[in-house]
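Step one of this worksheet: look at the structure below.
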Amino acid sequence: MTDHPRIPLAGVIGHPVAHSRSPALHAYWLRRYGLKGHYIPIDMAPNDLPDLIRTLPRLGFVGLNVTIPHKESILHIADIITDRAALIGAANTLIFRKDGKIHADNTDGSGFIANIRQSAPHWQPSAGPAVVFGAGGAARAVVASLIEVGVPEIRLANRTRARADALRSDFGAKVVVHEWTQAAALLGDAATVVNTTSLGMTGKPEFRMPLATLNPRALVTDLVYTPLKTQFLIEAEALGCTVVDGLGMLLHQAAPGFERWFGQRPEVDEETRRAVLLA
Ligand code: NAP
């Protein structure tokens with residue numbers, strides 16, 4: 001019998017997953033580089049996760065992206081967890097290794113930093129404190145990566161204070177927790193300001209943070225990318241700040257998985273952005 005090479009399969013698991021832009025992104029890269037492969041959205045309920053994940057490699061899957069609500073629970077299934085995924089407490093990229101082991105990584109933080117560096121090359125993380133709004137799963141990746149690139153202090157404010165306190169106890173003394181209702185007072189000397197809450201996303205309430213004291217030299221970024229330019233970014237830009245939207249983070253966090261699964265490091269450029277926006 002001839003041993004036919006299998007066409008590599010990858011995908012994104014979530015619940016729900018229909019909204020994900022990842023299938024459009026990976027399909028675009030596969031086309032652009034003329035590679036064989038498919039990338040499929042997989043809606044998987046939490047109870048089915050352990051059994052189905054173990055089945056996928058036998059069907060030809062070489063890996064997966066992981067999204068809400070599985071990013072944390074996937075760590076109980078993985079055999080090998082990178083240090084950064086362990087520190088963040090969540091994974092977004094799985095590699096199904098040839099020896100049968102599941103390797104879990106978190107590329108959200110590196111994607112977050114790569115997006116800022118590409119869009120605002122003059123950004124100096126060490127120039128002053130960062131203010132981070134929100135303390136959910138994405139905030140954990142953002143805080144870990146800001147510490148890694150040398151931000152001297154992270155002022156963290158979240159509606160539910162206990163979540164911010166938990167982050168401080170995991171990430172240490174560089175993280176200083178502040179009251180959500182007083183957060184506008186933190187902005188005066190901030191060099192970096194990040195919205196990691198889901199506020200401002202289409203269908204959610206607006207993110208209403210008084211920005212009058214914002215330093216015009218601050219770099220302001222939002223993880224929300226629908227709409228591409230949130231009201232928060234529009235207001236910060238009007239005050240003279242450099243602003244970076246969240247779409248680039250989505251693209252950059254996806255690149256390492258694509259490279260491992262399909263063997264080609266993809267470009268994140270204007271064409272890629274356009275392909276995902278038009279899809
Ligand atoms: P999550 O774990 O559910 O956290 C949601 C965050 O939003 C929490 O801090 C939550 O505060 C806050 N929040 C929600 N509703 C609020 C409200 N009405 N008032 C004040 N705060 C509110 O979600 P996540 O995974 O961290 O994702 C957060 C956002 O980042 C989402 O919009 C997601 O799409 C986006 N994201 C983007 C990328 C990208 O590549 N651009 C990657 C990951 C995530 P409480 O703790 O008080 O509930």
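Counting begins at 1 with the first residue of the sequence. Counting starts at 1 for both ligands and their atoms, in listed order.
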Give a yes or no on whether a salt bridge exists between E153 and K174, defined as a side-chain N under 4.0 angstrom from a carboxylate O.
->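 Result for this pair is no, no salt bridge flagged.
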
For L94, the option from D105, N65, V62, I102 that meets side chain to side chain contact (heavy atoms under 4.5 Å, CB included) |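 Considering D105, N65, V62, I102, a side chain to side chain contact (heavy atoms under 4.5 Å, CB included) with L94 is found only for I102.
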
Quick one: which ligand 1 atoms are inside 4.0 Å of a heavy atom on M249?
->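 Those qualifying, in numeric order: 39 (C), 40 (O), 41 (N), 42 (C).
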
Give the single entry among M201, K204, H19 that approaches atom 32 (O) of ligand 1 most closely by any heavy atom.
->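 It is M201 that holds the nearest heavy atom.
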
Please work out which of R21, R208, R163 has its closest non-hydrogen atom nearest to atom 8 (C) of ligand 1.
->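 Result: the heavy atom closest to atom 8 (C) of ligand 1 is in R163.
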
Tell me the protein heavy atom at minimum distance from [atom], and give that distance in Å.
{"atom": "atom 37 (C) of ligand 1", "answer": "L223 O, 3.3 Å"}
{"atom": "atom 5 (C) of ligand 1", "answer": "S198 OG, 4.2 Å"}
{"atom": "atom 29 (C) of ligand 1", "answer": "T196 O, 3.6 Å"}
{"atom": "atom 12 (C) of ligand 1", "answer": "T197 CB, 3.7 Å"}
{"atom": "atom 47 (O) of ligand 1", "answer": "T160 OG1, 2.5 Å"}
{"atom": "atom 20 (C) of ligand 1", "answer": "L199 CD1, 3.4 Å"}
{"atom": "atom 43 (C) of ligand 1", "answer": "A138 CB, 3.9 Å"}

Kindly indicate whether the side chain of L251, heavy atoms from C-beta on, has any atom under 4.5 Å from the side chain of V276.
->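 Yes, close enough: below the 4.5 Å cut-off.
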
So does R155 have more than 12 non-hydrogen atoms from other groups sitting under 6.0 Å from CZ?
->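 Above 12, so yes.
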
Can you tell me if CZ on R208 sees more than 12 non-hydrogen neighbours from other groups inside 6.0 Å?
->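 Check fails, neighbour count at 12 or below.
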
Where does the angle between the aromatic ring planes of W261 and Y39 fall among parallel (under 30°), tilted (30 to 60°) and perpendicular (over 60°)?
->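 Geometry flag for Y39 against W261: tilted rings.
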
Classify the ring geometry between H26 and W29 as parallel (under 30°), tilted (30 to 60°) or perpendicular (over 60°).
->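 Judged by the thresholds at 30° and 60°, the geometry between H26 and W29 is perpendicular.
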
Location of contacts on [X] toward ligand 1, heavy atoms closer than 4.0 Å:
{"X": "N158", "result": "side chain"}
{"X": "F112", "result": "neither"}
{"X": "I68", "result": "side chain"}
{"X": "R159", "result": "both"}
{"X": "V224", "result": "side chain"}

Consider every N or O of [X] and every N or O of ligand 1, then say whether any pair is closer than 3.5 Å.
{"X": "P205", "value": "no"}
{"X": "G134", "value": "no"}
{"X": "A139", "value": "no"}
{"X": "D108", "value": "no"}

Contact with ligand 1 for A135, non-hydrogen, under 4.0 angstrom |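 Yes, that is the case, since the closest heavy atom of the residue is under 4.0 Å from the ligand.
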
So is W180 close enough to ligand 1, meaning a heavy atom under 4.0 angstrom away?
->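 Yes, that is the case, since the closest heavy atom of the residue is under 4.0 Å from the ligand.
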
Test item: N115 side-chain N/O and D245 main-chain N/O as donor-acceptor pair under 3.5 Å |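 Answer holds: yes.
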
For the side chain of N158 and the backbone of R161, is there at least one donor-acceptor N/O pair under 3.5 Å apart?
->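 No, N158 side chain to R161 backbone: no donor-acceptor pair under 3.5 Å.
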
Test applied, salt bridge (Lys or Arg N to Asp or Glu O under 4.0 Å); reference residue, D79; option that passes from R54, R97, K101 =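 By the salt bridge (Lys or Arg N to Asp or Glu O under 4.0 Å) criterion, D79 pairs with just one of R54, R97, K101: R54.
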
Assess whether side-chain contact (heavy atoms from CB on, under 4.5 Å) is satisfied between R168 and L156, documenting all intermediate values.
-> CA-CA 9 Å; R168 184 205 143 95; L156 184 65; 5.7 Å; no

Are D108 and N92 close enough, and set up right, to give a side chain to side chain donor-acceptor pair (under 3.5 Å), and what steps lead you there?
-> CA-CA 7 Å; D108 275 339; N92 69 344; 3.1 Å; yes

Centroid separation F96 to F61 less than 6.0 Å |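 Centroid separation for F96 and F61: 6.0 Å or greater.
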
Atom 3 (O) of ligand 1: any protein heavy atom closer than 4.0 Å =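 No, there is no protein heavy atom closer to it than 4.0 Å.
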
